[in-house]
Amino acid sequence: MVKEESSIHGMWSSRWAFILAATGSAVGLGNIWKFPYITGENGGGAFVLVYLLCIAVVGIPILSAEVMIGRKARQSPGNAFGAIAKSQKLSPWWKGVGWLGILAGFTILTFYSVVAGWSLAYFFKAGSGAFIEKSPEAMGEMLDQLMQDPQQAIIWTFTVILLTTYVVGRGVHKGLEKAVSTLMPMMFIILCVMVVYAMTTGHFSEGLSFLFTPDFSKITAEGVLIALGHAFFSLSLASGMMAMYGAYVPKEVSLFKTSVAIGLADTSVALLAGMAIFPIVFAYGLEPGQGPGLIFVTLPLAFSQMPGGLIIGALFFLMLVFAAFTSAISLIESSVAWLVERTGLSRSKAALAAGSLVMVISIGPALSFSLLSDTTLFGKTFFDLFDYVTANLMLPIGGLLMAIFVGWQMSASSVAEELNLSKTMMAFRIFIFIIKFIAPVAIALVFLSKLGILN
Ligand code: TRP
């Protein structure tokens, strides 16, 4: 394969732009909505420690492997795997891994944009004082009402998809890079303001000790698997999306070091979100083990009682919207780039085509709590089905195949070269050992347990 210096879709203007974009993809609902509540459900500190291990030992190596594939081929995952397989005389079937990834990203977006839509709606609710003096029951009803109103569900979901399509249609440099370089710093500043606010609640140390004091009696085998599965989701791995962003990385950037930076940034945001949320939860005598309602029901209760809650609440949901949005654009980017490569359409037309299809399909998940709540397939609504199939089937299978492709199929010297490492370096040996042995076994375990085979 001829080594391309750049991709036809454009390039990140610097290493920093790539770090922001990849972190923007990684940081999302997974960090701010899911990480705090699964930490709450799984007992706190010990779970956090296991999660950190999963990120360091499995997550970051797979992240480097994925970005490496993209930069080597400089194409959408749909063509990248095929191109590398061809140049290294491997089976042409490896193309399928890229397609599986594109399909996974696309499908995730159809329900991710529904939750991003709730976040957007909650930003306006928070800012207009809708949380003031609501009882816990009323707060629960407010979420139910939003979810169960078909018109609202569609409007908010479509708004998110339209904005996403618009940004992606403007291209890598003018669209994606511009969006992440404004939204990510703002998100980070709001997060820091929230943490500083949490320090004033008088329960900051309680929150910290919940997050950071490990009580190993609370850790279960299931907790370990949840931590590993979440490490994958949180780093946006296994859908080829990181390979897509990798295709736009300038050739002199060290992929290994940069992947460490992205892993650290994603993890820091999850921990900071925990540090912002738990002190507030404790200060208002609420339950950390609440489940998925933690940020949509529990936190608004706290916002309704605290001084300045209107502003703090609105800021919190604004941060959530920014985080979800920079992930949403990454979820559709591979489909759009693939369409451009395949059909030669202009980027804006390709974005419009992909965005319209996402919109049509998102009607299923968006109405899963109202008109289509009784329309089920395998006993699941569209929302649950899409979530289940992507998280439990497509991503683990994609991740497993990617690890096998890089660890067992590609030539080690080409992998080392693309990672800006040499084959004899300790870092590379550890990397290959993880990709060959540790990662596939870990993924297989999560996969089997999620399917209920190991229980
Ligand atoms: N990582 C994002 C989050 O934590 C979600 C996400 C974006 C994702 N792109 C992905 C998950 C690709 C899996 C695959 O919210």
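Atoms within each ligand, like the ligands themselves, are counted from 1 in listed order. Please read these numbers as outputs of a predicted model, since none were measured by experiment.
- Close contacts of ligand 1 with S239, meaning ligand atoms under 4.0 Å from a residue heavy atom, involve 12 (C), 14 (C).
- At a heavy-atom cutoff of 4.0 Å, ligand 1 is contacted by the side chain of Y112 but not by its backbone.
- Residue-ligand proximity, N31 to ligand 1, at heavy-atom distances under 4.0 Å covers atoms 4 (O).
- Atom numbering of ligand 1 starts at 1 in the shown order; those under 4.0 Å from a heavy atom of L29 are 15 (O).
- Under 4.0 angstrom from ligand 1, the non-hydrogen atoms of S25 come from both its backbone and its side chain.
- The ligand atoms of ligand 1 that sit less than 4.0 angstrom from a heavy atom of L395 are 13 (C).
- Note: F18 and Y248 fail the aromatic proximity criterion, with ring centroids not under 6.0 Å apart.
- Looking only at protein heavy atoms, the nearest one to atom 7 (C) of ligand 1 is S236 OG, 3.3 Å.
- Looking at R347, its side chain never comes within 3.5 Å of a backbone N or O of V336 through a donor-acceptor pair.
- For the residue pair S25 and S327, no side-chain donor N or O sits within less than 3.5 Å of a side-chain acceptor on the partner.
- No donor-acceptor distance shorter than 3.5 angstrom exists from the side chain of E341 to the backbone of Q75, with no hydrogens or angles considered.
- Within the 4.0 Å heavy-atom cutoff, G105 does not count among the residues contacting ligand 1.
- A donor-acceptor pair under 3.5 Å links the side-chain atoms of N31 to the main chain of D266, judged by distance alone.
- Within the 4.0 Å heavy-atom criterion, the part of A26 lying near ligand 1 is the backbone and not the side chain.
- Relative to the six-membered ring of Y388, K380 meets both conditions, a distance below 6.0 Å and an angle of at most 45° to the axis.
- Taking only nitrogen or oxygen atoms, main chain and side chain alike, G30 reaches within less than 3.5 Å of ligand 1.
- A donor-acceptor pair under 3.5 Å is formed between the side chain of T182 and the backbone N or O of K178.
- Inspection of the R74 and S6 side chains reveals no N or O donor paired with an N or O acceptor under 3.5 Å.
- Checking only distances, F233 does come within under 3.5 Å of ligand 1, N or O to N or O.
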